[in-house]
Engineer: 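This is the structure I have questions about; it appears just below.
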Amino acid sequence: MVDQAPPVCDHPDASFVEGNAGREGRFPPRGHPVIRGINGIGLWSLYMKEVRRFLKVQTQTIWAPAITTLLFLVIFSVALGRGGREVLGVNFPTFVAPGLIAMAMMQNAFANSSFSLLSGKIQGTIIDLLMPPLSEGELMGGIIGAAITRAVAVGFVVAGAMMLYPGVSLAMAHPWAVLWFGLMGAVMLSLLGLLASIWAEKFDHNAAVTNFVIAPLAMLSGTFYVIDRLAPAFQAVSRANPFFYVISGYRYGFLGQSDIGDAAAVAMAALGLLALNALLALGTYKLLKSGWKIKN
């Protein structure tokens, strides 16, 4: 009997054929995941894409907030800090500077994360975020990470501008509080911005959240005053505002005192912000997982 030669595959590259005659192909069978665990390359690529997006217009996204915040400092110092007025044992510019830095960080974190998905929905390019092999957690992590990066960059630039103003001291009494409350504030507003971009269908919706929710909460957070001067009812309202704890905790890191209370109260506020951010992150993840207003 004549030995028969094995059949020759007509495919130009048999190694690319799925399950090729029991041999090991380059592609796994359908339905078998290729990427297990965290897609580090995809996550880093999304993060860098978001960072480069705001760096391309850094005059608007980083340097302009420094000028605006410095103008706030000048105006309120002239209007309220005349005559050597002191608040919490320091001159008024030193009192108000940390709150302005934290407020600028939070507002820019919100602006960055709220633009990502919304611009994709309006311009029809959201498929570029949904098609890559990124899980909902990785998508959220890349956008939130870039927003935090912008907030930190704005914080450093604003702090540098503040140091140019006469009478402002940014010596830190508790560096851990500066790092923690600055990070918690940036994370909180990044998550709120991502939630807003999921819900919004046009830029007007996003502007409404900014003007009627974020701006009032930021302005009424005790940035320019201590809440002890308010009526009891308004003090209760201020203590229900999470922005108040970010601003006052951040100020505590510089001055060593705040209107939250003693060190134990500041520590409780730090843990409370962590719990709030965990709840916001869980809610954001669930919305991304559901595809509400994104995949429909």
Side-chain angles (χ1 to χ4, degrees), residues 69 72-73 76-77 80-81 85-110 147-148 151-152 154-156 158-159 162-163 167-193 213-281:
T69 309
F72 269 118
L73 177 65
F76 280 92
S77 295
L80 302 176
R85 178 186 178 190
E86 290 189 354
V87 183
L88 295 180
V90 296
N91 60 12
F92 187 79
T94 299
F95 164 80
V96 78
L100 288 173
I101 296 172
M103 186 173 67
M105 291 174 63
M106 291 192 294
Q107 288 178 338
N108 281 273
F110 178 88
I148 294 173
V152 172
V154 169
F156 275 108
V158 171
M162 294 287 185
M163 295 177 68
V168 173
S169 173
L170 292 180
M172 291 185 288
H174 302 287
W176 73 266
V178 174
L179 294 175
W180 181 261
F181 285 97
L183 178 62
M184 288 296 102
V187 171
M188 180 174 67
L189 268 294
S190 300
L191 290 168
L192 290 176
V213 179
I214 302 302
L217 288 176
M219 292 296 180
L220 300 176
S221 60
T223 302
F224 306 103
Y225 54 86
V226 289
I227 65 170
D228 294 342
R229 298 171 179 259
L230 301 177
F234 288 100
Q235 289 187 32
V237 172
S238 295
R239 292 189 181 277
N241 179 6
F243 286 45
F244 161 73
Y245 296 98
V246 175
I247 298 292
S248 295
Y250 194 79
R251 180 182 290 130
Y252 173 81
F254 286 95
L255 305 184
Q257 54 183 330
S258 73
D259 44 359
I260 295 178
D262 56 10
V266 173
M268 289 297 296
L271 294 177
L273 287 174
L274 178 62
L276 175 60
N277 284 338
L279 291 175
L280 286 175

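We count residues from 1, following the sequence as given. Only a predicted model underlies this, so the values are computations on that prediction, with no experimental measurement involved.
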Engineer: To the nearest 0.5 Å, what is the distance between OG1 (T94) and CE (M162)?
Structural biologist: 11.0 Å

Engineer: Do the ring planes of H174 and Y252 sit parallel (below 30°), tilted (30 to 60°) or perpendicular (above 60°)?
Structural biologist: parallel

Engineer: Donor-acceptor pair, T69 side chain versus L100 backbone, under 3.5 Å?
Structural biologist: no

Engineer: What pair of heavy atoms forms the shortest contact from A265 to G261, and how long is it?
Structural biologist: CB-CA, 4.0 Å

Engineer: Show your working on side chain to side chain contact (heavy atoms under 4.5 Å, CB included) between F243 and T223 and close with a plain yes or no.
Structural biologist: CA-CA 9 Å; F243 286 45; T223 302; over 6 Å; no

Engineer: Determine, stepwise, if the pair V90 / S169 fulfils side chain to side chain contact (heavy atoms under 4.5 Å, CB included).
Structural biologist: CA-CA 9 Å; V90 296; S169 173; over 6 Å; no

Engineer: Quick check for you: to the nearest 0.5 Å, what is the distance between F244 atom CZ and Q235 atom CD?
Structural biologist: 9.0 Å

Engineer: Once you round to the nearest 0.5 Å, how far does CG of N108 lie from CE of M103?
Structural biologist: 10.5 Å

Engineer: State which residue, out of V96, L255, V226, fulfils the side-chain contact (heavy atoms from CB on, under 4.5 Å) condition with V87.
Structural biologist: V226

Engineer: Is the backbone N or O of G167 less than 3.5 Å from a side-chain atom of N91, with the two atoms forming a donor-acceptor pair by type?
Structural biologist: yes

Engineer: Could you pull out the closest heavy-atom pair between V168 and P93, with the gap in Å?
Structural biologist: CG2-CB, 3.7 Å

Engineer: Is the backbone of I227 close enough, under 3.5 Å, to the side chain of D259 for a donor and an acceptor to pair up by distance?
Structural biologist: yes

Engineer: Assess, by modelled atom type and distance only, whether the side chains of S221 and N241 contain a donor and an acceptor separated by less than 3.5 Å.
Structural biologist: no

Engineer: Where do I260 and A269 come nearest, in terms of heavy atoms and distance?
Structural biologist: CD1-CB, 4.2 Å

Engineer: So which atom in Q107 and which in A218 form the shortest heavy-atom distance, rounded to 0.1 Å?
Structural biologist: NE2-CB, 4.0 Å

Engineer: More than 12 foreign heavy atoms under 6.0 Å from OH of Y225: is that the case here?
Structural biologist: yes

Engineer: Grab the two heavy atoms, one from A147 and one from A109, that are nearest each other, plus how far apart they are.
Structural biologist: CB-O, 3.6 Å

Engineer: Kindly determine whether I101 and L170 satisfy side chain to side chain contact (heavy atoms under 4.5 Å, CB included), including the steps that lead there.
Structural biologist: CA-CA 11 Å; I101 296 172; L170 292 180; 4.2 Å; yes

Engineer: Do the ring planes of F181 and W176 sit parallel (below 30°), tilted (30 to 60°) or perpendicular (above 60°)?
Structural biologist: tilted

Engineer: Return the CG to CG distance between L183 and L274, rounded to the nearest 0.5 Å.
Structural biologist: 9.5 Å

Engineer: Verify, without hydrogens or angle tests, whether S238 (side chain) and F234 (backbone) share a donor-acceptor contact under 3.5 angstrom.
Structural biologist: yes

Engineer: Do the non-hydrogen side-chain atoms of M105 and V158 ever get within less than 4.5 Å of each other?
Structural biologist: no

Engineer: Within this structure, what is the CH2-CG distance for the pair W180 and L271, rounded to the nearest 0.5 Å?
Structural biologist: 7.5 Å

Engineer: Would you name the heavy atoms of P242 and L276 that are closest together and state the gap between them?
Structural biologist: CB-CD2, 3.8 Å

Engineer: Taking only residues two or more places apart in sequence, or in another chain, which ones meet Y245 in a ring-ring contact (aromatic ring centres under 6.0 Å, His included)?
Structural biologist: none

Engineer: So how far is it from F95 CZ to S77 OG, rounded to the nearest 0.5 Å?
Structural biologist: 11.0 Å

